Each structure stands twice: as C-alpha cells, then as structure tokens.
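See below for the structure under consideration.
The model shown is predicted, which means the values in this text are computed figures rather than measured ones. The figures that follow rest on heavy atoms only: side chains count, while hydrogens, waters and symmetry mates do not.
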Amino acid sequence: QVHVVESGGGLVQAGDSLRLSCAASGGTVSRYAMGWFRQAPGQDREFVAARHWTASNTYYADSVKGRFTMSRDDAKNTVYLQMNSLIPEDTAVYYCSAGSNVFRSPTPWDYWGQGTQVTISS
C-alpha cells in the first residue's frame with residue numbers, strides 16, 4: 001500500500017508559478033504510476049498529468065500542456081508538478097494519486113492524497 005502526501009499549494013497571481021510536491025511512502029514506489037488531478041468547486045475531478053515512476057514519457061491534459069511539468073526525485077520518493085504561467089482557471093484542489101497504470105480517468109487510481117489548494121487571482 002502506498003501513502004501519498006501533497007504540499008506546495010497557495011494563493012498566487014495570474015502569471016506566477018508554483019511547484020507542488022507529492023511524497024510517496026509505504027511501498028515500492030517505482031512499481032507505480034503517479035498522477036496529478038484537480039477539482040474545482042462544483043466540477044468533476046479532472047486529469048492534469050501522469051507518468052509511470054520509471055518511464056520517460058509524461059502525459060498532460062491539453063489545458064496544461066506547455067505550462068506544467070511533472071518530474072520526480074528518486075532519492076526522495078517524490079514527484080513534482082511545476083506550474084508556470086498560471087491562470088485563474090487553474091484554481092482547484094490538486095490531488096496526487098498512485099496506481100498500477102496511467103489513466104486519464106480518476107476512477108482506476110488506487111491511492112490518493114488529501115489534496116492541496118491552489119488559488120490564482122486575476
């Protein structure tokens with residue numbers, strides 16, 4: 001079983017950057033795919049980015065492609081989401097997930113963090 005904890009959210013202005021962290025523990029994290037999702041008030045949880053821990057390919061939602069970058073630090077068992085050129089539409093609770101494979105739907109993912117709030121002011 002994998003335990004994931006997000007951090008790094010906050011309130012920033014449009015155009016600014018934020019980096020979210022997701023620390024994984026409790027299992028062989030290299031066996032898992034890791035994902036980032038977000039959920040705005042009144043909306044469904046939506047896919048942001050995901051990758052297998054050991055893979056070189058990362059998948060992004062069209063809405064964040066070119067602005068967000070997902071990376072990992074093997075020594076810290078941590079994945080990051082670097083978010084640049086933030087816009088108000090990026091405002092949401094951001095969740096880290098772990099699972100057996102990369103899915104753009106949130107349903108098949110096995111493990112979730114508690115979420116971290118990201119708010120972008122215009």
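Considering NE2 of His3 and OH of Tyr111, their distance stands at 12.5 Å, rounded to 0.5 Å. From Ser121, atom OG reaches atom CG of Asp16 across 8.0 Å, with rounding to the nearest 0.5 Å. In this structure, CD1 in Ile120 is found 9.0 Å from CD1 in Ile87, a value given to the nearest 0.5 Å. Atom OG of Ser21 and atom CD of Glu6 lie 10.5 Å apart (nearest 0.5 Å). The line from NE2 of His52 to CG of Asn101 is 4.0 Å long, rounded to the nearest 0.5 Å. Here CD of Gln13 is found 9.0 Å from OG of Ser122. Values are rounded to the nearest 0.5 Å.
Residues Gln114 and Val5 have side chains in contact (heavy-atom distance under 4.5 Å, counting atoms from C-beta outward). At a threshold of 4.5 Å between non-hydrogen side-chain atoms, the residues Ser71 and Gln82 do not count as touching. Proximity of Val118 to Thr91: side-chain heavy atoms (C-beta onward) are nowhere separated by under 4.5 Å.
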* **Stepwise side-chain contact (heavy atoms from CB on, under 4.5 Å) test for Arg51 and Asn57** => CA-CA 6 Å; Arg51 61 177 294 167; Asn57 291 339; over 6 Å; no
* To do: Report the C-alpha distance between Tyr80 and Thr69 in whole Å, list the side-chain angles of each, state the deciding distance to 0.1 Å, and finish with yes or no for side-chain contact (heavy atoms from CB on, under 4.5 Å).
  => CA-CA 8 Å; Tyr80 302 98; Thr69 302; over 6 Å; no
* Take Gln117 and Thr119 through the test side chain to side chain donor-acceptor pair (under 3.5 Å) and record every step on the way to the result. => CA-CA 6 Å; Gln117 177 70 48; Thr119 303; 3.3 Å; yes
* Could you go step by step and tell me if Asn84 and Ser17 meet the side chain to side chain donor-acceptor pair (under 3.5 Å) rule? -> CA-CA 4 Å; Asn84 299 329; Ser17 298; 2.9 Å; yes
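The cationic atom of Arg45 (NZ for Lys, CZ for Arg) lies less than 6.0 Å from the six-membered ring centre of Trp112 and within 45° of the ring axis.
In this structure, Thr28 contributes its side chain and Ser30 its backbone to no donor-acceptor pair below 3.5 Å. For Arg67 (side chain) and Ser85 (main-chain N/O), a donor-acceptor pair under 3.5 Å exists by modelled atom type.
Few gaps surround CG on Asp74; more than 12 heavy atoms of other groups in view lie less than 6.0 Å from it. With a 6.0 Å radius and a threshold of 12 heavy atoms from other residues, nucleotides or ligands, Arg31 has its CZ atom at or below the threshold.
No path of Ile, Leu, Val, Met, Phe, Trp and Tyr side chains, each step under 4.5 Å between heavy atoms, connects Val2 with Tyr95, placing them in separate hydrophobic clusters. Residues Phe47 and Met34 are members of separate hydrophobic clusters, defined by side-chain heavy-atom contacts under 4.5 angstrom among Ile, Leu, Val, Met, Phe, Trp and Tyr. Hydrophobic clustering of Ile, Leu, Val, Met, Phe, Trp and Tyr side chains at less than 4.5 Å, counting indirect connections, keeps Phe37 apart from Leu18. Residue Trp53 is grouped with residue Tyr60 when hydrophobic side chains (ILVMFWY) are merged at heavy-atom distances under 4.5 angstrom, including chains of intermediate members.
Taking each heavy atom of Val102 and Trp109 in turn, the nearest pair found is CA-CZ2, 4.0 Å. Nearest heavy-atom pair, Val4 versus Ala98, reported as atom, atom and distance to 0.1 Å: CG1-CB, 4.3 Å. In terms of heavy atoms, Arg38 sits closest to Ala92 at CB-CB, 3.8 Å. Nearest heavy-atom pair, Tyr59 versus Arg104, reported as atom, atom and distance to 0.1 Å: CB-NH2, 3.9 Å. Smallest separation of non-hydrogen atoms from Val48 and Val64: O-CG2, 3.6 Å. Across all non-hydrogen atoms, the minimal contact from Ala24 to Val29 is CB-CG1, 3.5 Å.
Between Phe68 and Tyr94, the ring planes are tilted. Angles from 30° to 60° get that label.
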